[in-house]
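Quick notes on the structure that follows.
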Amino acid sequence: QVQLVESGGGLVQAGGSLRLSCAASGRTFSKNAMGWFRQAPGKEREFVTYTRWSDGATYYADSVKGRFTISRDNAKNTVYLQMDTLKPEDTAVYYCAARRRLMTISGRYVYPSDYDYWGQGTQVTVSS
């Protein structure tokens with residue numbers, strides 16, 4: 001069984017920063033990408049960012065570009081999300097996701113159905 005465990009959520013004032021972590025454990029699996037999605041109350045789950053495991057390439061949603069940074073630690077099977085200059089509209093449950101299926105260099109994997117494993121989510125609340 002593959003497990004993704006997120007940590008690092010919390011309450012922060014607008015303009016502040018948070019760092020989320022997601023550790024993958026359990027049955028060994030070949031992950032081709034890991035990323036983050038978020039879901040605000042009453043809204044659909046939306047893409048935030050992902051990193052391709054083979055070469056570290058990254059892709060961001062326009063709404064977070066320049067403010068959020070995804071990084072990884074291969075040895076720890078962990079991906080991080082550094083969130084800076086947070087805004088109230090960033091408030092959501094943040095979910096870690098991993099993709100086992102192969103990827104293409106030019107592909108963009110921005111839908112929940114593009115991912116095979118999910119964490120339980122961690123709440124991020126940004127107050128104004």
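Minimum heavy-atom separation, M103 to A33: SD-CB, 3.5 Å. Heavy atoms only, all atoms of each residue included: W118 and P112 are closest at CZ2-O, 3.4 Å. Taking all atoms of both residues into account, the shortest heavy-atom contact from P88 to S128 is CG-CB, 3.9 Å. The minimum heavy-atom distance linking R72 with S54 is given by the pair NH1-N, 4.2 Å.
With sequence neighbours left out, D114 forms a salt bridge (charged side-chain N to carboxylate O under 4.0 Å, His left out) with no residue at all. Taking the side-chain contact (heavy atoms from CB on, under 4.5 Å) definition, one finds that T104 meets it with S106, Y109, sequence neighbours left out. Under the side-chain hydrogen bond (donor to acceptor under 3.5 Å, both in side chains) criterion, E89 pairs with no residue at all, not counting sequence neighbours. For R52, the salt bridge (charged side-chain N to carboxylate O under 4.0 Å, His left out) partners are D55, not counting sequence neighbours. Listed by chain and number, the residues in a salt bridge (charged side-chain N to carboxylate O under 4.0 Å, His left out) with K65 are D62 (sequence neighbours excluded). Residues that satisfy the salt bridge (charged side-chain N to carboxylate O under 4.0 Å, His left out) test with R108, not counting sequence neighbours, are absent from this structure. Applying the side-chain contact (heavy atoms from CB on, under 4.5 Å) test to A23 and every residue at least two apart in sequence or in another chain returns T78. In terms of the ring pair (Phe, Tyr, Trp, His ring centres under 6.0 Å) criterion, Y95 has no residue partners (sequence neighbours excluded).
Under the 4.5 Å side-chain criterion, counting only non-hydrogen atoms from C-beta, L20 is in contact with V124. The side-chain heavy atoms of F68 and W36, taken from C-beta on, include no pair separated by under 4.5 Å. Looking at Y60 and T49, their side chains come closer than 4.5 Å, going by heavy atoms from C-beta outward.
Y111 and M34 end up in different hydrophobic clusters when Ile, Leu, Val, Met, Phe, Trp and Tyr side chains are linked at under 4.5 Å.
Atoms OH and CD, from Y94 and Q39 in turn, are 12.0 Å apart once rounded to the nearest 0.5 Å. Here the CD-OH distance, from Q3 to Y117, works out to 12.0 Å after rounding to the nearest 0.5 Å. Annotation: the span from I70 atom CD1 to Y59 atom OH amounts to 13.5 Å, rounded to 0.5 Å.
Using a distance-only test at 3.5 Å, with no hydrogens or angles considered, a donor-acceptor pair links the side chain of D116 to the main chain of R100. Between the side chain of T91 and the main chain of V126, a donor-acceptor pair closer than 3.5 Å is present.
The salt bridge (Lys or Arg N to Asp or Glu O under 4.0 Å) analysis of residues 14-26, with sequence neighbours excluded, yields no pairs. Here salt bridge (Lys or Arg N to Asp or Glu O under 4.0 Å) pairs that include residues 36-48, with residues two or more places apart or in two chains, are R38-E46, R38-D90.
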Check residues 4-13 and write down every donor-acceptor pair under 3.5 Å in which the side-chain atom is one partner and the other belongs to a residue at least two apart or another chain.
from : atom 1 : to   : atom 2 : distance (Å)
E6   : OE1    : Q120 : N      : 3.0
E6   : OE1    : Q120 : NE2    : 3.3
E6   : OE1    : G121 : N      : 2.9
E6   : OE2    : C96  : N      : 2.7
E6   : OE2    : G121 : N      : 3.2

Using residues 79-87 as the side-chain source, report each donor-acceptor pair under 3.5 Å to any protein atom, sequence neighbours left out, with the distance given to one decimal.
from : atom 1 : to  : atom 2 : distance (Å)
Q82  : NE2    : D84 : OD1    : 2.9
D84  : OD1    : S17 : OG     : 2.7

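The aromatic rings of F47 and F37 sit perpendicular to each other, their planes meeting at more than 60°, with 30° as the lower class boundary.
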